Amino acid sequence: MRFARVLLLVVLGALALRVGYVVLAKHDEPRMGDQIYYNYTANQIARGDGFTDPRDGSENAEHPPLAALALTPTSWVAERIDPGGDHLLPQRLTMAVLGTGVVVLIGLVGRTVAGDRAGLLAAALAAVYPGFWINDGLVMSDTLAALTVAVAILLAYRFGRVPTGANAAFLGIACGFAVLTRAELLLLLPCMVLPIALFARALTVGRRVAMVAIASVATLAIVSPWLAYNISRFDEPVLFSTNDGLTLCGANLEGTWYGDGTGLWSLECAGFPTRRGDRSVVSNQLRSRGLRFIGDHLERLPAVVAVRVARVWSLYAPGAMVDYNQGEGREPWASWMAFVAFWLLVPFAIGGAVILRRRAPLTPLVAQFVVVTITAAAVYGLVRFRVPAEVSIVVLAAVAVDRLLDRLSPSRDAWPVGRTISGRGQGDGP
């Protein structure tokens, strides 16, 4: 109960910070970047028009659906109060509430791996970490990505502790919802679920393979309605979105492979001439253009990939990233705060990983760094793509701070029995 009471106070503070940020800094800010899609799509669904473009009524699937669906109830209520409005402010406040949920879940992950105090420290860090609350003021998918990844990490530890078919299914379901938020989170299956299941020492090899299969089928069950819906309404096969062609093309241009824009993404592709067709047809053409550019410049690929990865981890041209972020609604002062906070947490996160590696399995946390790095290398490098890893960074940093407090107060038991996944007990992952 003490943990719950303190966590509640942290959560209330986190909510106040996020609501204050939205009201003070975002109350009259226009839609920018991907916010345009999520805002109007949620409104379209609330008005009964489904996933369609309000300009011409054409079928639309620029992004996976979960973020827009999460905003739909807010749009539905707002539409009754202000018919025909853009409902942008209520949607931003909704994201602030969802971002507060991220704080709760990070606190629970911290508690799972290192005890009550580490959990409260993790929640407190998540509450004030700019890399989180900046996203919570935007109508985009990043807040939902952090939320679903935190749930997946929590369930991964549960599965590692008790590797049953039911827990594998719950983990797969969580991964499915993460994929419906951002398609690249499908990497959670090979990068997190697979190693945890294969190193479950209490299981036979056959049972380990079965656990992977159960989790994968559960993920497929969650995403299949969206896949079937897309396949039924476009001329060409579409899986998670029709935006992959534009993404691939915009990331592989002269301006994003050479010069100051290396490793970023450009909207230049949107103006390229394409033959008539729906969004799936256009996406296929842009995808082909992007792949053709890669094939014509293979000697440059290693350098471009290196810059993409360096950008996502704030190792390359942070000032350029601050400028780029303005196009998505992130104020320069907030972006610089996030940059400084990130690098303040990184040394603690490294220390937390060293401390935790003999106390609890690291795979659910470390897997997020692999997911982010692969995503940046394959697509382009934006700091908002590292949100899954920032969940892990905050938890690991809290573990280090918790141990530091123990050194200052050695009488306290740092690893209370029953509150952590200690050692490498039966069923634990790597």
Side-chain angles (χ1 to χ4, degrees), residues 31-38 40-41 51 53 55-56 58-65 67 140-142 179 182-187 227 230-231 233-312 316-317 320-321 323-328 372-385:
R31 297 168 292 185
M32 289 182 276
D34 288 344
Q35 293 184 86
I36 298 171
Y37 171 80
Y38 291 113
Y40 77 60
T41 300
F51 287 87
D53 192 320
R55 295 168 295 186
D56 56 14
S58 60
E59 296 292 338
N60 201 356
E62 287 186 19
H63 298 283
M140 295 173 70
S141 64
D142 304 305
V179 175
R182 293 215 309 225
E184 68 268 19
L185 293 178
L186 187 62
L187 290 168
L227 303 183
N230 285 338
I231 290 172
R233 63 194 178 114
F234 291 105
D235 293 341
E236 299 289 342
V238 171
L239 296 178
F240 297 107
S241 80
T242 57
N243 202 41
D244 60 318
L246 182 62
T247 298
L248 190 61
C249 181
N252 298 286
L253 297 166
E254 192 78 20
T256 56
W257 274 51
Y258 300 91
D260 294 339
T262 301
L264 295 174
W265 183 85
S266 171
L267 194 57
E268 181 183 347
C269 266
F272 286 174
T274 55
R275 69 175 187 272
R276 294 180 63 84
D278 69 7
R279 282 175 169 79
S280 66
V281 174
V282 174
S283 181
N284 284 352
Q285 295 173 65
L286 294 177
R287 186 188 309 112
S288 297
R289 184 184 289 267
L291 292 174
R292 188 164 57 249
F293 183 92
I294 294 173
D296 293 340
H297 299 80
L298 281 177
E299 73 285 350
R300 176 68 175 165
L301 181 60
V304 173
V305 168
V307 173
R308 288 171 177 172
V309 172
R311 284 191 187 277
V312 82
Y316 181 88
M321 187 61 65
D323 293 339
Y324 192 96
N325 284 344
Q326 291 186 71
E328 295 183 326
V372 170
T373 300
I374 293 174
T375 300
V379 188
Y380 53 97
L382 293 187
V383 292
R384 70 181 182 90
F385 288 172

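All of these numbers come straight from a predicted model, not from anything done at the bench.
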**Message:** Does Asn230 form a side chain to side chain contact (heavy atoms under 4.5 Å, CB included) with Leu239? I'd like the steps, not just the answer.
**Reply:** CA-CA 6 Å; Asn230 285 338; Leu239 296 178; over 6 Å; no
**Item:** Derivation and outcome, side chain to side chain contact (heavy atoms under 4.5 Å, CB included), residues Val238 and Ile231
**Value:** CA-CA 6 Å; Val238 171; Ile231 290 172; 6.0 Å; no
**Message:** Let's go through Thr242 and His63 carefully: what are the C-alpha distance in whole Å and the side-chain angles of both, what is the deciding distance for side chain to side chain contact (heavy atoms under 4.5 Å, CB included) to 0.1 Å, and is it a yes or a no?
**Reply:** CA-CA 7 Å; Thr242 57; His63 298 283; over 6 Å; no
**Worked verdict on Phe240 versus Leu227 for side chain to side chain contact (heavy atoms under 4.5 Å, CB included)** = CA-CA 6 Å; Phe240 297 107; Leu227 303 183; 3.7 Å; yes
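Looking at every heavy atom in both residues, Leu382 comes nearest to Val312 through O-CG2, 3.1 Å. The minimum heavy-atom distance linking Phe51 with Glu59 is given by the pair O-OE1, 3.6 Å. What you find for Cys269 and Gly250 is that their closest heavy atoms are SG-N, 3.6 Å. The minimum heavy-atom distance between Glu62 and Ser241, with the atom names listed, is O-CB, 3.4 Å. Taking every heavy atom of both residues into account, Gly327 and Met32 meet most closely at O-CB, 3.4 Å. Heavy-atom minimum distance, Gly245 versus Leu286: O-CB, 3.5 Å.
Looking only at distances, no side-chain donor or acceptor of Ser283 sits under 3.5 Å from a matching main-chain atom of Arg279. No side-chain donor-acceptor contact under 3.5 Å links Ser141 to the backbone of Ala67.
Judged as a side-chain contact (heavy atoms from CB on, under 4.5 Å), and not counting sequence neighbours, the contacts of Ile36 are Arg31, Tyr40. Considering only residues two or more places apart in sequence or on other chains, Thr256 meets the side-chain contact (heavy atoms from CB on, under 4.5 Å) condition with Leu253, Ser266. Judged as a ring-ring contact (aromatic ring centres under 6.0 Å, His included), and not counting sequence neighbours, the contacts of Phe293 are Trp257, His297. In this view, Phe385 and Tyr380 satisfy the ring-ring contact (aromatic ring centres under 6.0 Å, His included) rule, not counting sequence neighbours. Residues meeting the side-chain hydrogen bond (donor to acceptor under 3.5 Å, both in side chains) test with Arg182, sequence neighbours left out: Asp142, Glu184.
Counting heavy atoms from C-beta on, the side chains of Met140 and Gln35 come closer than 4.5 Å. The shortest distance between side-chain heavy atoms of Val282 and Glu236 does not fall below 4.5 Å. Here the side chains of Val383 and Arg311 are not in contact, with every heavy-atom distance at 4.5 Å or above.
Looking at Asp278 and Arg233, no side-chain N of the basic residue comes within less than 4.0 Å of a carboxylate O on the acidic one, giving no salt bridge. The pair Asp34-Arg384 counts as a salt bridge, with a side-chain nitrogen and a carboxylate oxygen less than 4.0 angstrom apart.
No side-chain donor from either of Asn60 and Thr41 sits under 3.5 Å from a side-chain acceptor of the other.
The list of salt bridge (Lys or Arg N to Asp or Glu O under 4.0 Å) pairs with a residue in residues 245-264, not counting sequence neighbours, is empty.
The CD atom of Glu268 sits 8.0 Å away from the SG atom of Cys249 when rounded to the nearest 0.5 Å.
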